[in-house]
Number of protein chains: 2
Amino acid sequence: MKNKQATEIFRKYLKDGMNRITPERFEVLDAALEYNGHFGADDLFILMKNQKSRVSRATVYKTLELLAQCELLLKRNFGDNMTRYESNFKKQSHDHLICMDCGRIVEFTNPKVKELPEEISKELGFDVESYSFNIFARCQNTKKCKYFKEKK
Amino acid sequence: MKNKQATEIFRKYLKDGMNRITPERFEVLDAALEYNGHFGADDLFILMKNQKSRVSRATVYKTLELLAQCELLLKRNFGDNMTRYESNFKKQSHDHLICMDCGRIVEFTNPKVKELPEEISKELGFDVESYSFNIFARCQNTKKCKYFKEKK
DNA sequence: ATTGCTGCAAAACGTTTGCACCTAT
DNA sequence: ATAGGTGCAAACGTTTTGCAGCAAT
C-alpha cells in the first residue's frame, strides 16, 4: 500500500457502506493516486495492465466510481465525452482551463468562482452538490508552444 | 424555411467556408431551432425521422457540428458523456443548474460568472474561446417535485 | 465535370452488464 | 453459507467513418 492515509479513508468508506475490502480495490486506489494529472478509466486500466496487474477493466471502472463517491478522486468532464478522474487527496479545490491549441489542462483557483455555486443555487432554491467550471482558451504563441499539435 | 434570418446566417456561413448549400442542412437547422430546450444529436435525428424526414443520422450529426461552429447552436456538456445542443439564435447567454434528483436543467444568468473567463484567461496568458459553468444541485422537496424520478 | 454531400451500414469508442466462478464476511 | 466482487466477453449508446451513388457548383 503506497498511501496509508488514503487507504484508511477508503477502507472506512467501504466498511461503512457494507462494501467488501478487496485487494483489487486498493490496487486501483494506489494506481489512481500515483497517476500524475487527469486520466480516463481506460487509461488507468491500460497502465495497470502494462504494469502486469491482473485487475479487470470492469473492476477499474467500478472502483473509480467508488473512489469518486468517497471523494478521494474527483470526476471531471472537459467536453469531449469521456470521464476523467484526478486525485483529490490532500489537494486544494481548483478549476480548469483547457487549451484548444495544444491540449494542455491548466489548473487555477479563483475565490470568486468558489462562492458562486452556493450563492446561485440558494437563489434558485436548490442545494449545491458540486459544480464544474471549465474555460476553453488558446495559447497565444501557438507555434512556439511545446505542446502544439497541428490540427487534423 | 421556418426562420429567414437564421437561414440567411447559415447560408452565408456555408458559402464563406466553401461548403455546399443543401436542403438537408436547412432541414436540420429548422428542426434544431424548433426544438424546445437541450437535445442530443440522436434525439433530433429520431424526432425528424418520426416526422417523416429522410435526412440521415450522419447528416444530422455533421450539420449540428456546422451549426455550432457558426454559433446558431451552442454545444453543451452536462457531465453524462453526451453532447447536447441548444439554440443560440437571438438568445442571451446563460449557464445551467442540473438537478440531480429530477433531471431538470435550469438556465440562469449571473453577471459575475460572465466576467470571469476573460479575466482568468488573461491572467494565465491565454485567449478565451468559450467556457462552461454547470452547477449540480438538488431540489429540496424531492418527493413533491413533478420531475422526481426514483433512482435506479 | 468536378468534388463535396448524402444515406447506409459498419466500425469505433468509452462504458456497462450478464454470468459463472471466486472470496470476504 | 452467503452475498457480493471478480474477470471475461458481449452488449450498450453515442458518435464517426468508408464507400458508392448523387447533386451542387
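In what follows, chains carry the letters A, B, and so on, assigned in the order in which the sequence lines appear, proteins first and then strands, with residues in each chain numbered from 1. Computed from a predicted model, the values in this text were never measured in an experiment.
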Q: Compare the minimum distances between each of C:dT25, C:dG14, C:dG7 and the side chain of A:M82, then state the nucleotide with the smallest one.
A: C:dG14
Q) How many Å lie between CZ on B:F10 and C1' on C:dC5, as a whole number? A) 12 Å
Q) To the nearest angstrom, how far is A:L66 atom CG from D:dT6 atom C1'? A) 13 Å
**Q.** B:F133 side chain near A:I120 side chain, heavy-atom distance below 4.5 Å
**A.** yes
Q.
Within the structure provided, determine whether A:Y35 and A:D43 are in side-chain contact (heavy-atom separation under 4.5 Å).
A. yes
**Q.** CD on B:E34 to CG on B:N3, rounded to 0.5 Å
**A.** 10.0 Å
(Q) If you compare every side-chain N and O of A:R54 against the phosphate oxygens of D:dG7 (OP1, OP2), does one of them come in below 4.0 Å? (A) no
Q) OP1, OP2 of C:dC5 versus side-chain N and O of B:N19: anything below 4.0 Å? A) yes
Q. Is A:E86 paired with A:K91 through a side-chain N to carboxylate O contact shorter than 4.0 Å?
A. yes
Q. Expressed in angstrom and rounded to an integer, what is the separation of A:F26 atom CZ from D:dG5 atom C1'?
A. 13 Å
Q. Tell me: CD of B:E24 to C1' of C:dG7, nearest whole Å?
A. 9 Å
Q. Taking only side-chain nitrogens and oxygens of A:Y61, does any of them come within less than 4.0 Å of OP1 or OP2 of C:dT15?
A. yes
Q. Does B:T83 make a side-chain N or O approach to OP1 or OP2 of D:dT15 shorter than 4.0 Å?
A. yes
(Q) Strictly below 4.0 Å: does A:N81 bring a side-chain N or O up to OP1 or OP2 of D:dT15? (A) yes
Q: Compare side-chain N and O positions of A:S56 against OP1 and OP2 of D:dC8 and report whether any pair is under 4.0 Å apart.
A: no
Q | Any A:T22 side-chain N or O less than 4.0 Å from OP1/OP2 of D:dT6 | A | yes
Q: Report yes if at least one side-chain N or O of B:R57 is closer than 4.0 Å to OP1 or OP2 of C:dG7; otherwise report no.
A: no
Q. Atom CD of A:E27 to atom C1' of D:dG5: distance rounded to whole Å?
A. 14 Å
Q) Mapping B:K62 and A:A41 onto DNA chain C by nearest heavy atom, which one lands closer to the 5' end? A) B:K62
Q) So, do B:V113 and B:Y131 sit near enough that their side-chain heavy atoms are less than 4.5 Å apart? A) yes
Q. Which whole-number value in Å describes the distance from A:R25 CZ to D:dG7 P?
A. 11 Å
Q.
How many whole angstroms separate atom CG of A:D42 from atom P of C:dC13?
A. 11 Å
Q.
Should the side chain of A:R20 and the base of D:dG5 be counted as holding a donor-acceptor pair, with the cut-off at 3.5 Å?
A. no
Q | Whole-Å distance separating the CZ atom of A:F39 from the P atom of C:dT15 | A | 12 Å
(Q) Assuming nearest nucleotide by heavy-atom distance, tell me which of B:R84 and A:T59 is located more 5' along DNA chain D. (A) A:T59
